[in-house]
Amino acid sequence: MNKAKLALMTAALLGALSAQAQTLGKADQHMLQQLAQGNMAEIEAGKIALQKSQNTEVKAFAQQMVDDHTKGLQEVQTVAQSKGVTLPAEPDAKHKAMASKLKGLSGDAFDRAYLSQAGVDDHKKTHALVQKVQSSAKDADVKALAAKLEPTVAQHLTHVTQLNASIKGATASGSSGTEGASGSGIEGSTGSTGKRPRAVPDKASGNTDNPENKQNPTTQPPAPMK
């Protein structure tokens with residue numbers, strides 16, 4: 001095959017791809033790009049969590065995010081290529097800032113931020129996006145892509161919502177546990193000043209130091225003899 005024929009075939013292919021992209025509306029193209037951004041952001045945040053988190057449940061969730069969203073991104077890329085749509089090569093500025101913030105955290109603070117932001121908040125937005133694509137996309141392939149992604153995103157949202165609540169609850173109970181050990185239980189025996197309260201005589205105990213006790217002998221002197 002000579003160079004002239006190869007050039008013509010290449011031009012024809014590029015023209016076909018360009019025409020196909022033009023038939024895909026701007027809104028559909030933008031939604032594909034948004035889907036790609038969402039998947040890339042989850043992959044990036046998940047990789048950070050695998051490095052920084054010490055919580056086994058959080059690490060397991062992060063690994064699931066890397067695995068599932070890698071598959072999701074590949075599916076978005078396949079549709080985009082078939083439509084001649086160029087996808088972003090990296091997360092947007094907002095998700096880059098979130099990744100930078102996560103890298104600066106550690107321990108419980110990291111787990112809470114990761115689950116709340118990359119977990120609950122982002123999956124709420126992504127779930128809303130795939131639902132929007134299903135209902136408003138014009139292209140049948142783009143609609144089918146969103147329908148395929150939706151169950152996985154919904155499962156992620158349910159899972160991370162429960163995990164986020166569990167982590168928050170564990171942190172709260174851990175911080176209040178020491179208060180119970182040094183709080184009212186000790187004060188009940190010694191008081192807030194550390195001194196034991198003065199004993200009050202019991203009227204019914206037969207204690208002769210209590211003149212109000214009916215069992216005690218009378219304290220009036222005997223009547224004089226006549």
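These figures come from a predicted structure and were not determined experimentally. Residues: numbered from 1 along the sequence shown.
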Smallest separation among heavy atoms of [X] and [Y], with atom names:
X      : Y      : result
Ala137 : Val142 : CB-CG1, 3.9 Å
Ala62  : Gly46  : CB-O, 3.6 Å
Leu149 : Gly72  : CD2-CA, 3.9 Å

Co-membership, hydrophobic cluster, residues [X] and [Y], 4.5 Å side-chain:
X      : Y     : value
Leu129 : Val76 : yes
Phe61  : Leu73 : no
Met40  : Leu87 : no
Val130 : Leu24 : yes
Leu35  : Val85 : yes

Criterion side chain to side chain contact (heavy atoms under 4.5 Å, CB included) on Val133 and Leu145, from CA distance to verdict: CA-CA 9 Å; Val133 175; Leu145 170 65; over 6 Å; no
Quick one: salt bridge (Lys or Arg N to Asp or Glu O under 4.0 Å) pairs with a partner in [range], sequence neighbours left out?
range            : answer
residues 123-149 : Glu75-Lys148, Lys83-Asp139, Lys83-Asp141
residues 95-120  : Glu90-Lys96
residues 62-72   : none
residues 39-65   : none

Please name all residues satisfying side chain to side chain contact (heavy atoms under 4.5 Å, CB included) with [X], sequence neighbours left out, ordered by chain then number.
X      : answer
Ala41  : His95
Thr70  : Ile43, Val66, Gln74
Leu102 : Ala45, Ile48, Met98, Phe110, Ala113, Tyr114

When rounded to the nearest 0.5 angstrom, what distance separates [atom1] in [X] from [atom2] in [Y]?
X      : Y      : atom1 : atom2 : value
Met65  : Asn39  : CE    : CG    : 10.5 Å
Gln162 : Leu157 : CD    : CG    : 10.0 Å
Leu32  : Thr86  : CG    : OG1   : 11.0 Å
Asn55  : Leu115 : CG    : CG    : 8.0 Å

Sequence neighbours left out, what passes salt bridge (charged side-chain N to carboxylate O under 4.0 Å, His left out) with Asp122? Give chain and number order.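 Expected list: none.
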Return the set of residues passing side chain to side chain donor-acceptor pair (under 3.5 Å) with Gln34 (not counting sequence neighbours), or none when no residue passes.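 For Gln34, no residue satisfies side chain to side chain donor-acceptor pair (under 3.5 Å) once neighbours in sequence are set aside.
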Partners meeting side chain to side chain donor-acceptor pair (under 3.5 Å) with Gln155 (sequence neighbours left out):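 Once residues adjacent in sequence are excluded, the partners of Gln155 under the side chain to side chain donor-acceptor pair (under 3.5 Å) criterion are Gln64.
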Residues which pass ring-ring contact (aromatic ring centres under 6.0 Å, His included) with His156, listed by chain and number, not counting sequence neighbours: His69, His123
Please list all pairs passing the ring-ring contact (aromatic ring centres under 6.0 Å, His included) test where one or both residues lie in residues 133-155, with sequence neighbours left out.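 Not a single pair qualifies under ring-ring contact (aromatic ring centres under 6.0 Å, His included).
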